[in-house]
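In what follows, a structure is listed as structure tokens, so that the remarks can point back to it.
Here the structure is a predicted model, which is why all the values come from computation and not from measurement. In what follows, chains are A, B, ... by sequence order, proteins preceding strands, each numbered from 1.
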Amino acid sequence: MTPEKIDQLFDYVQERCLWQFFSRAWDREENIDGILKAAAALLTGQPPALDTPMDRLFYADAKVMVSDLRERFPWIEDSGAAQIRDLLHGLKDKLTEFTITKSLNHELNHTLY
Amino acid sequence: MPMVLLECDKDIPEREKHIYLKVDGEDSRDYLPVANASTIPGTLSERGCAFCGAKLVIGGVLKDTIQMIHGPIGCAYDTWHTKRYPSDNGHFQMKYVWSTDMKESHIVFGGEKRLEKSMHEAFDEMPEIKRMIVYTTCPTALIGDDIKAVAKKVMEARPDVDVFTCECPGFAGVSQSKGHHVLNIGWVNEKVGNIEPEITAKHTMNFIGDYNIQGDTQLLQQYWDKLGIQVIAHFTGNANYDDLRAMHRAQLNVVNCARSAGYIANELKKKYGIPRLDIDSWGFNYMAEGIRKISAFFGIEDKGEALIAEEYAKWKPKLDWYKERLKGTKMAIWTGGPRLWHWTKSVEDDLGVQVVAMSSKFGHQEDFEKVIARGQAGTYYIDDGNELEFFEIIDLVKPDVIFTGPRVGELVKKLHIPYVNGHAYHNGPYMGFEGFVNLARDMYNAIYNPLLKLAATDPRATLSTPAKEAAE
């Protein structure tokens, strides 16, 4: 795992993915967890969970993301399962920092929508 | 110094917190414009009021509903037909406007009787219409008229009608945004779940935050029909009142305008467990991505790919013709909020256009997080911009075309800068594949229109009129 590769994935997500910017901290956390979990399954050849409507939502977002990542970053195909899990873990940490813990958005922790 | 204090703002230095210049190497952990905050005294805001957000943007779009505005006549006229959202039933909602026309004596003695009389009168005059939204406005809210009680009385007298009340006077919030919120939350709490829809397809969804501007909804509906997806409710483009009461039965909520309608999608997820999928409906790349996500959710990827291939074959050559001629154009987007982040990357990727300045009237910080993540370095991002700031920004970035509303558009025209209506469009629809070609065509026509240069020339003299005359 290299920070440069995590940065590449992070820059892609920042530019393309609306799900990281939902209204509240708990929405953002739910999306980041769910979509990156589905992406990990797709990138490592595992069957993604499709049992619930939320599973199918995460799968839909992850499927498009994984397709783009494979096209933009061919090195991802050569990464092993352990390396992919590390990369996505690093991506999750960075997304969480930017969009939740260090976000300057004052509405993130409002109790209501 | 990514937060910018413009020269024209030197006497209102608080404005520095609202204007951001993106710089490489910095990000939204360091700087994020203040947004959804009260307009600063001394700045001439372009914002609308909270009532306008509820009525003009969302409620007024419904095609089978009387929009009873309980207030002075101006509140009705100023939120009527300034946004062109047609319907497939002869545009009922654009032909008529309703008001209780409150005068001084009604304010002094109370307006509830007048409201009740007006509601009956409207239903009597239009006996085929059985649905109504009643809006309070600033004066009727201040005198404490109980519009819910009046609506209840009218519904008791007329069992076949249904009335929704929206208590969101103009002063309720800092901008239109509050009106979006009040209508969203009121509707989901009081009306959703009251009616069971007829389910006609295996796959169902609500399409939220699309108001059929010049036919957007009707254009996108062709895609959903081809995919075999039943749209239970469009919130609220080309929609019936009762469609929106059945939103609880959809399997998926697809959200375009997250600012004006994200609230109802959030509440539907919380209350009924319906997932929320946010997409961009403007732009080729984005529209294809949205169709792919919806198709993946329902497991109909093949149909989705076939639709995308068909639309690309039909419209991409036309888009490319415009791209060839628009490449390098500098564009400013001064609209409500979400179109900043919907458009900045789509015009860049699909048309080669560079967005150099963006201003939002009612966006929240969430909208600025999105647009700063997507937008370019060297671009200005402005919250609640005012006219003097617009003049200064124009000098700084020298845009070739500005997408904004008709009011600011008039200002821009006086500077002989091409303007395209970014709210209600020039010649839409602009959503979807065909729509984005329409947007490109309007941008091309605006930029290459020779009239602007001719208008800058005074035929009575050899000297040309100084472009900045209108600003001085």
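Comparing A/T99, A/N31, A/D68, A/D61 by heavy-atom pairs within less than 4.5 Å of chain B, the highest count is held by A/D61. Ranked by non-hydrogen atom pairs under 4.5 Å with chain A, the options B/L277, B/L32, B/N266 are led by B/N266. Contact tally against chain B (heavy-atom pairs below 4.5 Å) for A/K63, A/R56, A/E97: the top residue is A/R56. Contacts with chain B were tallied for A/P53, A/S67, A/S103, A/C17; A/P53 has the most, counting heavy-atom pairs under 4.5 Å.
Rounding to the nearest 0.5 Å gives a distance of 8.0 Å between CG of A/L112 and CD1 of B/I185. Separation of atoms CZ (B/F297) and OH (A/Y59) is listed at 12.5 Å; rounding is to 0.5 Å.
Of all heavy-atom pairs spanning A/Y113 and B/E267, the tightest one is CD1-OE2, 3.5 Å. When all heavy atoms are compared, the tightest approach of A/L18 to B/D280 is CD1-OD2, 3.5 Å. Closest heavy-atom contact between B/K293 and A/A60: O-CB, 3.3 Å.
For B/L252, the part lying near chain A is the side chain, with the backbone staying farther off; criterion is any non-hydrogen pair under 4.5 Å. When heavy atoms are compared at a cutoff of 4.5 Å, A/F98 approaches chain B by way of both its backbone and its side chain. For chain A, no part of B/N184 is nearby; none of its heavy atoms comes within less than 4.5 Å. In this structure, the portions of A/R16 lying under 4.5 Å from any heavy atom of chain B include both its backbone and its side chain. Heavy atoms of A/D11 lying under 4.5 Å from chain B are absent altogether. Contact annotation for B/D367: neither backbone nor side-chain heavy atoms come within less than 4.5 Å of a heavy atom of chain A. When heavy atoms are compared at a cutoff of 4.5 Å, A/K102 approaches chain B by way of both its backbone and its side chain. Looking at A/F22, both its backbone and its side chain come within 4.5 Å of chain B, counting heavy atoms on both sides. Residue B/N253: no heavy atom, backbone or side chain, is found under 4.5 Å from chain A.
Using a 4.0 Å cut-off between a side-chain N of Lys or Arg and a carboxylate O of Asp or Glu, B/R276 and A/D27 do not qualify as a salt bridge. Ion pairing of A/R28 with B/E369 is present here, as a side-chain N (NZ or NE/NH1/NH2) and a carboxylate O approach within less than 4.0 Å.
Within a 6.0 Å sphere centred on NZ of B/K202, heavy atoms belonging to other residues, nucleotides or ligands number 12 at most. The neighbour count for A/K37 NZ, taken as heavy atoms of other residues, nucleotides or ligands under 6.0 Å away, does not exceed 12. Crowding of B/K178 atom NZ: a count of heavy atoms from other residues, nucleotides or ligands under 6.0 Å not exceeding 12. The 12-atom threshold is not exceeded at NZ of B/K17, counting heavy atoms of other residues, nucleotides or ligands nearer than 6.0 Å. Counted within 6.0 Å of CD on A/E77, heavy atoms from surrounding residues, nucleotides or ligands total more than 12; the atom is thus considered enclosed.
Although no hydrogens or angles enter the test, the distance criterion places a donor-acceptor pair under 3.5 Å between the side chain of B/Q365 and the main chain of A/H106. Side chain of B/R374 to main chain of A/E15: a donor-acceptor pair is present (N/O by atom type, distance under 3.5 Å, no hydrogens or angles).
Side-chain atoms of B/D27 and A/Q14 form no donor-acceptor pair, as typed in the model, at a separation below 3.5 Å.
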